[in-house]
Amino acid sequence: MEEKKRILSGIKPSGELTLGSYMGALKNWAAMADEYDCFYFLADLHAITVRQNPAELRRRTLSQLAQYIACGIDPEKNTIFIQSHIPAHTELGWVLDCYTMFGELSRMTQFKDKSAKNADNINAGLFTYPSLMAADILLYQADLVPVGDDQKQHVELTRDVAQRFNNVYGETFKLPEPFIPKVGARIMSLQHPENKMSKSESDSGGCILLMDSPEDIRRCFKRAITDSEMCVRCCKDKPGVSNLMQIYAVCTGKTMEEIEKEFAGRGYGEFKTAVGDVVVETLAPIREEATRLLADKAYLESVYRAGAEKASAVAERTLRKVYKKVGFVAR
Ligand code: ATP
Ligand code: LTN
């Protein structure tokens, strides 16, 4: 029997999960369980590149785990784990730091954005973040990495680092491909549609959280920024309306043409209400299930413990291979 291809992805518990991370990543993860061997993790090591409150980080990590499961990522079919539980991530991260160039890291858009926003804390971890991310991916010999558009550059760097290592030491790492959805790969803020919807930025009214109440969600969509043309059409110079159409498309499975037809001659008020309604329909069951799971700490613990056991077996195997190739004496 042919082995299933492997998938790996993670999200930092650096803030509450948003509609953006759901549409760009999480929604697609859940759908892959039957066809692929899937590993999904909570990237807590990555979260501390920006200062975190310890109690909040701990709470959010468990809440994010409950939300993964509530989004349909079944722990029986997928391996779900917490990054800091697997020491091999930091161990391979260090090795890969030595095979990643200063110039490459300097070109990363996320580093440039985050250092502009955290000018008082441009730490070394923020800079070398992509080599830890490369370690996350390469440890599991992942074929595909389902992420939003903003992470494409990091997956490409991962391929370059893997290739560089393979060229020196022979075939060691599988070269991963980014898997980016056609619709929903970059959901924008509802208030500032020129900016990505992001969980670590306080963007009042612009960001929808998976755990927001239906009333809050509807209110945010009613207030979403549009334009003065009064026509539901997707194009570059209508960023607000195009973004709402994308969100509607992901929730309903409809094409842009179908949406244009559906709302032809109807006002933006009606359109925004309809988008709010389909988002509530999509998120309400996730919120309910996550709330239920969050009350069951013993269950969540059993999930991340079992996940760590499965993940560490795979990760350790790759790490041993790498240590041997670079010339470390076996313990
Ligand atoms: P932070 O603000 O802390 O950097 P973020 O919200 O930008 O976080 P994450 O939640 O860490 O990003 O991203 C998790 C996954 O969701 C990644 O695969 C990312 O590409 C995707 N993602 C994040 N924001 C969006 C968005 N607005 N649209 C589509 N995909 C997104
Ligand atoms: N860099 C990603 C989170 C992340 C990740 C990964 C995604 C860390 N390690 C490995 C895919 C695979 C982010 O900022 N959203």
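Every number for a ligand or one of its atoms is a count from 1 in the order of the listing.
- Using a cut-off of 4.0 Å between Lys/Arg side-chain N and Asp/Glu carboxylate O, K77 and E35 are scored as not salt-bridged.
- Residue G148 places at least one N or O, backbone or side chain, under 3.5 Å from an N or O of ligand 1.
- The neighbour count for E309 CD, taken as heavy atoms of other residues, nucleotides or ligands under 6.0 Å away, does not exceed 12.
- Of the possible donor and acceptor atoms, one in the side chain of N78 sits under 3.5 Å from a partner among the backbone N and O of D74.
- Any N or O atom pair closer than 3.5 Å counts here, and G20 shares at least one such pair with ligand 1.
- Heavy-atom contacts from other residues, nucleotides or ligands closer than 6.0 Å to CZ of R58 number 12 or fewer.
- The option with the heavy atom closest to atom 19 (C) of ligand 1, from among D150, N195, V50, is D150.
- Relative to atom 28 (N) of ligand 1, the option among L17, I187, T18 with the closest non-hydrogen atom is I187.
- Around atom CZ of R305, no more than 12 heavy atoms belonging to other residues, nucleotides or ligands sit under 6.0 Å away.
- Cluster partners of I48, by chain and number: L57. The rule joins Ile, Leu, Val, Met, Phe, Trp and Tyr whenever side-chain heavy atoms lie under 4.5 Å apart.
- At a heavy-atom distance under 4.0 Å, atoms from both the backbone and the side chain of S21 approach ligand 1.
- For R223, there are no side-chain hydrogen bond (donor to acceptor under 3.5 Å, both in side chains) partners, not counting sequence neighbours.
- Counting heavy atoms under 4.0 Å from ligand 1, residue A185 touches it through the backbone alone.
- Considering only residues two or more places apart in sequence or on other chains, H89 meets the ring-ring contact (aromatic ring centres under 6.0 Å, His included) condition with F41, F81, Y140.
- A salt bridge does not link K12 to D44: none of the charged side-chain nitrogens sits closer than 4.0 Å to a carboxylate oxygen.
- Note on F328: it clusters hydrophobically with L138, by side-chain heavy-atom contacts below 4.5 Å among ILVMFWY residues.
- Interface atoms of ligand 1 facing K12, defined by a heavy-atom separation under 4.0 Å, are 1 (P), 3 (O), 4 (O), 8 (O), 11 (O).
- Note on ring orientation: taking the six-membered ring where Trp is involved, the planes of F173 and F165 are tilted (angle from 30° to 60°).
- Those atoms of ligand 1 with a heavy atom of A25 less than 4.0 angstrom away are 15 (C), 16 (O), 18 (O).
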Give a table of atom pairs where an N or O of ligand 2 lies under 3.5 Å from a protein N or O.
unit_1	atom_1	unit_2	atom_2	d
ligand 2	1 (N)	Y129	OH	2.6
ligand 2	1 (N)	Q151	OE1	2.9
ligand 2	9 (N)	D136	OD2	2.7
ligand 2	14 (O)	K12	NZ	3.3
ligand 2	14 (O)	Y129	OH	2.7
ligand 2	14 (O)	Q151	NE2	3.2
ligand 2	15 (N)	Q151	NE2	3.4

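- Atoms of ligand 1 lying under 4.0 Å from any heavy atom of S14, numbered from 1 in the order shown and given with element: 3 (O).
- Counting the atoms of ligand 1 from 1 in the order shown, those under 4.0 Å from a heavy atom of R186 are 28 (N), 29 (C).
- Polar contact with ligand 1: absent for D149 (N/O pair, distance under 3.5 Å).
- Every atom of ligand 1 with a heavy atom of G24 under 4.0 Å away is listed here by number and element: 29 (C), 30 (N).
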- [ ] Please step through salt bridge (Lys or Arg N to Asp or Glu O under 4.0 Å) for the pair R186 and D149, ending with a clear verdict.
- [x] CA-CA 6 Å; R186 184 175 281 266; D149 186 53; 3.0 Å; yes
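- The distance from ligand 1 to the heavy atoms of G184 drops below 4.0 Å at these ligand atoms: 29 (C).
- S14 and K199 share a donor-acceptor pair across their side chains, judged by distance under 3.5 Å alone.
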Task: salt bridge (Lys or Arg N to Asp or Glu O under 4.0 Å) between E262 and K254, worked out - done: CA-CA 10 Å; E262 184 176 345; K254 293 179 183 170; 2.9 Å; yes
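- Taking a 4.0 Å cut-off on heavy atoms, K114 registers as neighbouring ligand 1.
- For a threshold of 3.5 Å applied to N or O pairs, the pair formed by Q110 and ligand 1 contains no separation below that value.
- With a 4.0 Å heavy-atom cut-off, ligand 1 is reached by no atom of M23.
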